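As the structure is a computational prediction, the values presented were derived from the model and not from experiment. Chain A is the first sequence line, chain B the second, and so forth, proteins listed ahead of strands; every chain is numbered from 1.
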Amino acid sequence: MTRPDLNLLVTLDVLLAEGSVARAARRLRLSPSAMSRALARLREATGDPLLVRAGRGLVPTPRALELRTLTGPIVEAAEACLRPAESLDLKTLARTFTLRNREGFVENFGAGLIARVEREAPGVRLRFVQKLDRESSPLREGTVDLETAVVGDMTGPELRAQALFHDRFVAVVRPGHPLTSGEVTPARYAEGHHIHVSRRGNDVGPIDTALQALGLSRKITASVGSFSEALALVRATDLVASVPERYTGSLRENLVTFPLPVALPEITISLLWHPRLDADPAHRWLRGCVREVCAV
DNA sequence: CCACCTCGACCAAAATCCAA
DNA sequence: TTGGATTTTGGTCGAGGTGG
């Protein structure tokens, strides 16, 4: 009984994550041919085809899907065993972290986060990138280190998530807007002309559903893709925008904010990362920074 | 035609074996 | 114990098949 080749575990992990011999080969800096042979060895070892041809690419077998959630933590744990015990020295840590957030995050929390990082780890650079979709592949591939999101069905099951803060939707209008005087009833709110914020171009959201339950509907005059666009329009028009309160904190300066007259469930903004970085001391430190900055 | 996967032939390095 | 022969391992190269 020969011992199984544990090196294959790393290959398997990448192969399953990529779902393609060619891409896995690029990632491990091997030729596609060498990767194909590694896959052949894996098939031999596991007794399962793992990835089978489907058209131009490959699709995972049920066994492969089952293994996919197992290999990541195993590889991570194995690498942690072999790494020399490093103590994190923030003063000399030189590293760039990529954070992927929906617009509004940088405007709101960026300054605090940068100040905090600068103070504790002057050699660390933060790179903020826009989050235009809910794909979790950048985290998996390692092009993004940390992400904030509302955890939903689209979130990859293999990601780690931790709640950052709760938020609720509020309505925003310009100063002097008719809705700034008197009580805002659901009917008065619905009468206004609204800006709808949606990245995917959906026409209706939870607000419309809540209004509908009261027999009301609102008129959506404009639809935009981001909170900052919506709020810029609010400044210049009589339109009403409904945005998450904490997420848009500083963006709403000099505007009038009031609670929505309908009840909506709270949303939870979470921090997402890949299990691979779970034990990384520097990454753990950064997660702590983000948590603290967002908790204020 | 292009992108992708697989295979045979071949090669270098490492591991193993074995006689002296 | 050691030095050389042999086997194993894991890679490249190039060719070939397949499907969009």
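Across the protein-nucleic acid pair, A/Leu50 atom CG and B/dC5 atom P stand 14 Å apart, rounded to whole Å. In this entry the distance linking CZ of A/Arg53 with C1' of C/dG20 reads 12 Å, nearest Å. Rounded to an integer number of Å, the gap from A/Leu58 CG to C/dT18 C1' is 12 Å. For A/Leu30 and C/dG10, the CG to C1' distance is 10 Å, given to the nearest whole Å. The distance from atom CG of A/Leu51 to atom C1' of C/dT18 is 17 Å, rounded to the nearest whole Å. Rounded to an integer number of Å, the gap from CG of A/Leu39 to P of C/dG11 is 13 Å. Distance CG (A/Leu15) to P (B/dC4): 14 Å, rounded to an integer number of Å.
Looking at the side chain of A/Val21, the nearest of the listed nucleotides B/dC4, B/dT6, C/dT12 is B/dT6.
In this structure, A/Arg37 reaches the bases: a heavy-atom distance under 4.0 Å links it to at least one base atom across the strands shown. Using a 4.0 Å heavy-atom criterion, one finds that A/Arg43 contacts the sugar-phosphate atoms exclusively.
For the pair A/Arg116 and A/Phe109, the cation-pi criterion (under 6.0 Å, within 45° of the ring axis) is not fulfilled. Note that A/Arg246 lies in the cation-pi zone of A/Phe165, set by a 6.0 Å cut-off to the ring centre and a 45° limit from the axis.
Residues forming a salt bridge (Lys or Arg N to Asp or Glu O under 4.0 Å) with A/Arg63 (at least two apart in sequence, or on another chain): A/Glu66.
The aromatic rings of A/His283 and A/Trp273 sit tilted relative to each other, their planes meeting at an angle between 30° and 60°.
Of the side-chain N and O atoms in A/Arg23, none sit less than 4.0 angstrom from OP1 or OP2 of B/dC5. Dashed line: the shortest gap from a side-chain N or O of A/Ser33 to OP1 or OP2 of C/dG11 is not under 4.0 Å.
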